[in-house]
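Right, one structure below, let's go through it.
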Amino acid sequence: MTITHRTGSYDITFQDVGVALADARPQDVIVTDENLDRYYRSAFPGDTLVVVVAPGEPSKSLATYEAVCNQMFAAGRSRSSRVYAFGGGVVGDLAGFVAATYMRGVPCIQCPTSLLAMVDSSIGGKVGIDTEYGKNLLGAFAPPAAVRIPLDSIGTLPDREFVNGTAEVWKYGFIGNQGLLTRLQKSPVRGSDDDLQEVVESCLAQKAAVVEADEFETTGLRATLNFGHTVGHAIEAVAGYGAILHGEAISIGMVVETQIAEATGIALRGLASIVEEGLRSQGLPTAIPSQVDATELIASMRRDKKATAGKLAFSLLTDLTVCKLYEDVPEDEVRRVLGC
């Protein structure tokens with residue numbers, strides 16, 4: 001599969017871990033996390049620099065970004081180097097941002113090892129890190145040189161991490177992929193499913209089409225990929241990055257945002273229940289944890305990248321498989337849904 005963007009295109013291929021990393025050169029860099037380093041170190045080319053970060057969302061920080069860059073500088077990596085992002089969404093976003101900015105940009109090869117990264121964060125070219133003010137507020141549009149998907153790594157994921165990734169799979173069904181949604185409603189996706197690669201490919205094809213049509217989020221089309229993310233990102237920020245996994249927060253966000261769509265008359269009553277039923281069948285959370293303060297969520301949502309002039313913006317379902325960006329959702333309706 002090929003994704004076309006403003007400055008060219010890149011291919012998405014399915015390769016086992018060893019093959020995905022086999023062409024890493026001595027002047028290249030593999031960025032990974034501690035868990036993957038322990039499990040896969042023997043698959044890394046022995047003469048390639050390996051930079052290891054702590055697992056989890058807190059590594060998407062300025063401090064970790066600087067540490068990775070400094071290791072590359074100290075090792076003499078140059079503009080002829082390539083960065084391999086071998087990991088889940090955190091490693092992909094962090095390493096992608098390093099590649100986009102190191103010496104004004106070097107190629108990045110995304111090797112996503114989690115379901116979430118495979119279907120979503122490794123493609124499309126959005127990379128970045130978090131700040132205390134919100135998620136992904138420092139970043140760039142920097143398409144990878146290639147995406148190599150080692151589907152064999154799925155078997156190493158803890159159950160919670162796999163289920164976490166399914167939230168993004170359901171998102172694709174809800175926002176426009178009727179065939180995928182029908183399949184999910186018949187049977188939630190499992191790591192052992194014979195059609196797992198087909199499920200991943202369906203998500204990839206959908207995102208590729210959206211990205212090619214609106215690479216830099218100028219028409220509102222690409223923003224539909226952020227269904228559930230305005231609330232979800234706010235939950236992550238308020239709860240403390242890592243306390244609630246990204247997919248878990250997005251699952252909650254999809255339910256809450258559909259409740260907002262119902263409250264504002266954008267969607268008919270009952271749609272949120274359908275969304276919630278699907279996500280619950282997958283084992284995903286669907287309610288904001290009691291310890292997350294609703295007023296703080298509102299403040300965080302005002303800083304969302306889709307927001308303009310402090311107005312709240314959401315990508316909302318009007319019906320199943322129909323999603324649209326709304327840039328001025330009444331705050332009082334949002335507060336009513338949140339109970340604050």
Side-chain angles (χ1 to χ4, degrees), residues 114-116 118-120 154 157-196 198-200 202-203 206-207 224-236 239 244-292 294 297 301 314-326 329 333-334 336-339:
S114 70
L115 180 63
L116 189 149
M118 289 176 187
V119 302
D120 192 68
I154 286 291
L157 291 176
D159 289 344
R160 184 185 178 191
E161 288 288 350
F162 180 82
V163 173
N164 175 61
T166 64
E168 293 284 3
V169 177
W170 279 88
K171 177 199 73 178
Y172 286 113
F174 289 139
I175 68 172
N177 193 329
Q178 181 63 67
L180 176 61
L181 182 59
T182 299
R183 182 258 183 255
L184 292 171
Q185 289 176 324
K186 289 180 179 177
S187 176
V189 64
R190 307 297 181 196
S192 58
D193 288 346
D194 292 336
D195 67 342
L196 182 61
E198 295 174 23
V199 169
V200 173
S202 181
C203 296
Q206 186 176 351
K207 183 162 186 178
T224 62
L225 295 171
N226 286 326
F227 170 51
H229 285 59
T230 301
V231 171
H233 283 174
I235 290 172
E236 288 184 87
I244 299 172
L245 299 181
H246 174 72
E248 295 170 342
I250 298 315
S251 174
I252 298 167
M254 287 188 284
V255 174
V256 173
E257 291 184 15
T258 309
Q259 291 170 344
I260 292 170
E262 290 185 7
T264 55
I266 290 168
L268 293 177
R269 294 288 179 182
L271 186 59
S273 294
I274 296 173
V275 171
E276 181 176 4
E277 180 181 357
L279 296 170
R280 286 175 62 88
S281 74
Q282 187 71 67
L284 286 158
T286 57
I288 297 173
S290 58
Q291 71 270 25
V292 174
L297 288 180
M301 285 188 279
F314 301 86
S315 294
L316 299 176
L317 295 185
T318 60
D319 202 348
L320 284 178
T321 72
V322 183
C323 188
K324 181 181 176 182
L325 175 64
Y326 291 84
V329 177
E333 293 290 353
V334 176
R336 184 160 65 86
V337 170
L338 296 179

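Taking the side chain to side chain contact (heavy atoms under 4.5 Å, CB included) definition, one finds that Asp195 meets it with Arg183, Asp193, Glu198, Val199, sequence neighbours left out.
The closest donor-acceptor contact from the side chain of Lys171 to the backbone of Leu225 lies under 3.5 Å. Tyr326 places no side-chain N or O within 3.5 Å of a backbone atom of Ala261 that could act as its donor or acceptor partner. Listed for the Glu333 side chain is no donor-acceptor partner under 3.5 Å among the backbone atoms of Ile260.
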Does Asp319 form a side chain to side chain contact (heavy atoms under 4.5 Å, CB included) with Leu268? I'd like the steps, not just the answer.
CA-CA 8 Å; Asp319 202 348; Leu268 293 177; over 6 Å; no

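Phe162 places a side-chain heavy atom less than 4.5 Å from the side chain of Ile154. Ile288 has its side chain within reach of Leu297: a pair of non-hydrogen atoms, C-beta onward, lies under 4.5 Å apart. Inter-residue side-chain proximity for His233 and His246 is flagged as met; some heavy-atom pair is nearer than 4.5 Å. Looking at heavy atoms from C-beta onward, Leu317 lies in side-chain contact with Leu271 at the 4.5 angstrom threshold.
Atom-to-atom distance recorded for Ile274:CD1 and Leu279:CG is 12.0 Å, nearest 0.5 angstrom. With values rounded to the nearest 0.5 angstrom, Ser315 atom OG is found 11.5 Å from Lys324 atom NZ. Distance CD1/Ile235 to CD1/Ile252: 4.5 Å, rounded to 0.5 Å. Distance NZ/Lys186 to CG/Leu181: 11.0 Å, rounded to 0.5 Å. Once rounded to the nearest 0.5 Å, the distance linking CG of Asp120 with CG of Leu115 reads 10.0 Å. Glu236 contributes atom CD, which lies 9.5 Å from atom CD of Glu248 (distance to the nearest 0.5 angstrom).
Closest approach of Leu116 to Glu168, counting heavy atoms only: CG-CG, 3.9 Å. Between Leu284 and Gly247 the shortest heavy-atom distance is CD2-O, 4.4 Å. Here the closest heavy-atom approach between residue Cys323 and residue Thr224 is recorded as O-CG2, 3.6 Å. Heavy-atom minimum distance, Ala234 versus Met301: CB-CG, 3.7 Å. What you find for Arg160 and Ile244 is that their closest heavy atoms are NH2-CA, 4.4 Å. Between Cys203 and Leu180, the shortest heavy-atom distance links the atoms SG-CD2, 3.8 Å.
Listed by first then second residue, pairs satisfying side chain to side chain donor-acceptor pair (under 3.5 Å) with a partner in residues 254-278 read Glu276-Thr286, not counting sequence neighbours.
A donor and an acceptor atom, one from each side chain of Asn177 and Ser202, are located under 3.5 Å apart.
Exactly one of Ile175, Leu184, Ile250 qualifies for a side-chain contact (heavy atoms from CB on, under 4.5 Å) with Trp170. That residue is Leu184. For the pairing with Phe314, the side-chain contact (heavy atoms from CB on, under 4.5 Å) check across Asn226, Leu325, Val231 returns one residue only, Val231.
Relative ring orientation between Phe174 and Phe227 is described as perpendicular, the plane-to-plane angle rising above 60° on a 0-90° scale split at 30° and 60°.
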